[in-house]
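Here is the structure we will look at, set down as structure tokens.
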Amino acid sequence: MNLSFRKSCLVPWALFAGLMGGGSPAGAITLGQLDDFQTGGVAGWGSPAGNTVTAVIPNAGPLGPGDSALNVEANLKLLVTSGSQWHGNYTAAGIVKISMDVQHSNGFPLELRLGIANGLFSISGSGDTYETIDAITVPNDGQWHRVTFDVMPTDFIDTFGNSIDPPDPAAALANVTHLRLFHNPASRQFVGEAVSGSFNLDNILAEGVATADDADFDDDGDVDGRDFLVWQRNLASGTQHDQGDADFNEVVDAADLEVWNEQFSAAVPPIAPIPEPTAAVLALMGAALLLRRPAARQ
């Protein structure tokens, strides 16, 4: 495909955003951005090709009753794109990972990839487009799985339709105007595989550099029963460290209890064993007893 044809395929961002109901290309991505679909809306997630139906399903999330999830159903290609809250400068925001909960029961495992675009692009991948080098396999067992994509420049490869020479994923991450999640075992495609299927998504989170786990929720310098009570009160509802989030993923769950248990156990000093008396100590004790014996009568 020659360069002139590629350029003729590009869709202006303003037109694409209008079709998708998106916002400014400047975007609003922030560290800790979380889509948990608890408000009942799809948070802008949909499909540029119109072949994907997205809907929020109550009580379908990983936590069960009261936890909603986004259902993605495709009759042509398993592809879903984000709302404008995921556009912007990932580098300046300090975002190095995007994690999410995924569940599905298709007749095949999901091979998920993230795709990004910078500026002008077409929905089929022409323009300044990239995708994660490695796909993440999600088993088709009907269970929820937490998956995490690394989103540093070295984690992306240009797609076959990319018209930037040389490719520059670092520049794209500094101005993401399009984020998509798709299933495709083949690399460098930027589109979903031509299969019908569905999956559920929840708790899509923009993460920074990992912070060391910390179960001292009340910041009093130790990990104790008070911290356990903080975790217990906020289980499944808290999102902050002072509410019981020990691993800083903005969800208070069983994983945070495991951190508390490890750090509480580590904080309890072991009982020191009583040392065996040495030979010198035994000799001294014997001498003391001899000195205390009364003198023999004459």
Side-chain angles (χ1 to χ4, degrees), residues 29-41 43 56-71 85-86 90 93-105 112 136-139 141-152 199-275:
I29 187 67
T30 57
L31 188 64
Q33 160 73 37
L34 174 68
D35 287 352
D36 61 7
F37 310 105
Q38 289 301 95
T39 62
V56 172
I57 310 298
N59 306 315
L63 298 179
D67 187 19
S68 299
L70 180 73
N71 176 252
Q85 73 273 20
W86 291 92
Y90 281 53
I95 296 165
V96 299
K97 298 176 183 292
I98 296 178
S99 60
M100 63 196 70
D101 293 315
V102 184
Q103 176 199 48
H104 78 108
S105 300
L112 291 180
I136 295 180
T137 302
V138 183
D141 56 8
Q143 303 298 311
W144 282 99
H145 298 273
R146 189 73 179 172
V147 302
T148 300
F149 292 94
D150 294 323
V151 290
M152 299 293 286
F199 57 90
N200 291 329
L201 286 176
D202 203 3
N203 303 313
I204 307 171
L205 176 66
E207 300 185 48
V209 176
T211 303
D213 294 344
D214 181 10
D216 181 15
F217 305 129
D218 57 9
D219 290 322
D220 66 350
D222 59 15
V223 177
D224 54 20
R226 295 185 183 89
D227 300 301
F228 171 80
L229 291 176
V230 171
W231 173 85
Q232 186 180 49
R233 294 189 195 104
N234 297 288
L235 177 62
S237 62
T239 60
Q240 304 300 313
H241 176 253
D242 62 4
Q243 296 175 321
D245 179 21
D247 54 11
F248 297 93
N249 68 346
E250 300 198 0
V251 179
V252 177
D253 55 17
D256 301 305
L257 178 60
E258 291 181 12
V259 175
W260 176 87
N261 186 57
E262 291 173 2
Q263 297 188 356
F264 175 73
S265 300
V268 177
I271 299 174
I274 300 174

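Reckoned from all heavy atoms, side chains included, excluding hydrogens, waters and symmetry mates. Numbering of residues begins at 1 and proceeds along the displayed sequence.
- Among the candidates D35, D101, D67, the single residue satisfying the side-chain hydrogen bond (donor to acceptor under 3.5 Å, both in side chains) test with N203 is D101.
- Looking only at distances, a side-chain donor or acceptor of Q103 sits under 3.5 Å from a matching main-chain atom of G142.
- Residues W86 and I29 form a side-chain contact, since some pair of their non-hydrogen atoms from C-beta on lies under 4.5 Å apart.
- Of the inter-residue distances, the one linking Q33 atom CD with Y90 atom OH reads 8.5 Å to the nearest 0.5 angstrom.
- Here F37 contributes atom CZ and I204 contributes atom CD1; the two are 4.0 Å apart, rounded to the nearest 0.5 Å.
- The heavy-atom pair separating S99 from T148 by the smallest distance is CB-OG1, 3.4 Å.
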Q: Kindly determine whether Q263 and D213 satisfy side-chain contact (heavy atoms from CB on, under 4.5 Å), including the steps that lead there.
A: CA-CA 9 Å; Q263 297 188 356; D213 294 344; 4.1 Å; yes
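- Residue pairs satisfying the salt bridge (charged side-chain N to carboxylate O under 4.0 Å, His left out) criterion with at least one member in residues 226-237, sequence neighbours excluded, are listed as follows: D224-R226.
- Note: N249 CG to K97 NZ = 13.0 Å, rounded to the nearest 0.5 Å.
- Considering every non-hydrogen atom in both F264 and V223, the closest pair reads CD1-O, 3.3 Å.
- What you find for Q85 and A43 is that their closest heavy atoms are NE2-O, 2.8 Å.
- Atom-to-atom distance recorded for L257:CG and F228:CZ is 6.0 Å, nearest 0.5 angstrom.
- Evaluation of the salt bridge (charged side-chain N to carboxylate O under 4.0 Å, His left out) test over residues 244-264, restricted to residues two or more places apart or in two chains, returns none.
- Counting all heavy atoms, side chain and backbone alike, V96 lies closest to M152 at CG1-SD, 3.5 Å.
- To the nearest 0.5 angstrom, H104 atom NE2 is 13.0 Å from N71 atom CG.
- Annotation: the span from S68 atom OG to I57 atom CD1 amounts to 9.0 Å, rounded to 0.5 Å.
- Contact of the L205 side chain with the I98 side chain is not registered, since no non-hydrogen atoms from C-beta on lie closer than 4.5 Å.
- Side-chain atoms of Q243 do not come within 3.5 Å of backbone N or O of N234 as any donor-acceptor pair.
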Q. Could you walk me through whether L201 and V102 pass the side-chain contact (heavy atoms from CB on, under 4.5 Å) check?
A. CA-CA 5 Å; L201 286 176; V102 184; 3.8 Å; yes
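- Applying the side-chain contact (heavy atoms from CB on, under 4.5 Å) criterion to I136, with sequence neighbours excluded, gives V147, F149.
- The two residues Q38 and G66 make their nearest non-hydrogen contact at NE2-O, 2.9 Å.
- F248 meets the ring-ring contact (aromatic ring centres under 6.0 Å, His included) test with H241; sequence neighbours excluded.
- Minimum heavy-atom separation, L31 to I95: CD1-CG1, 4.1 Å.
- Among residues two or more places apart in sequence or in another chain, the salt bridge (Lys or Arg N to Asp or Glu O under 4.0 Å) test is passed with D36 by none.
- For A69, the side-chain contact (heavy atoms from CB on, under 4.5 Å) criterion is met by A60, W144, D202, not counting sequence neighbours.
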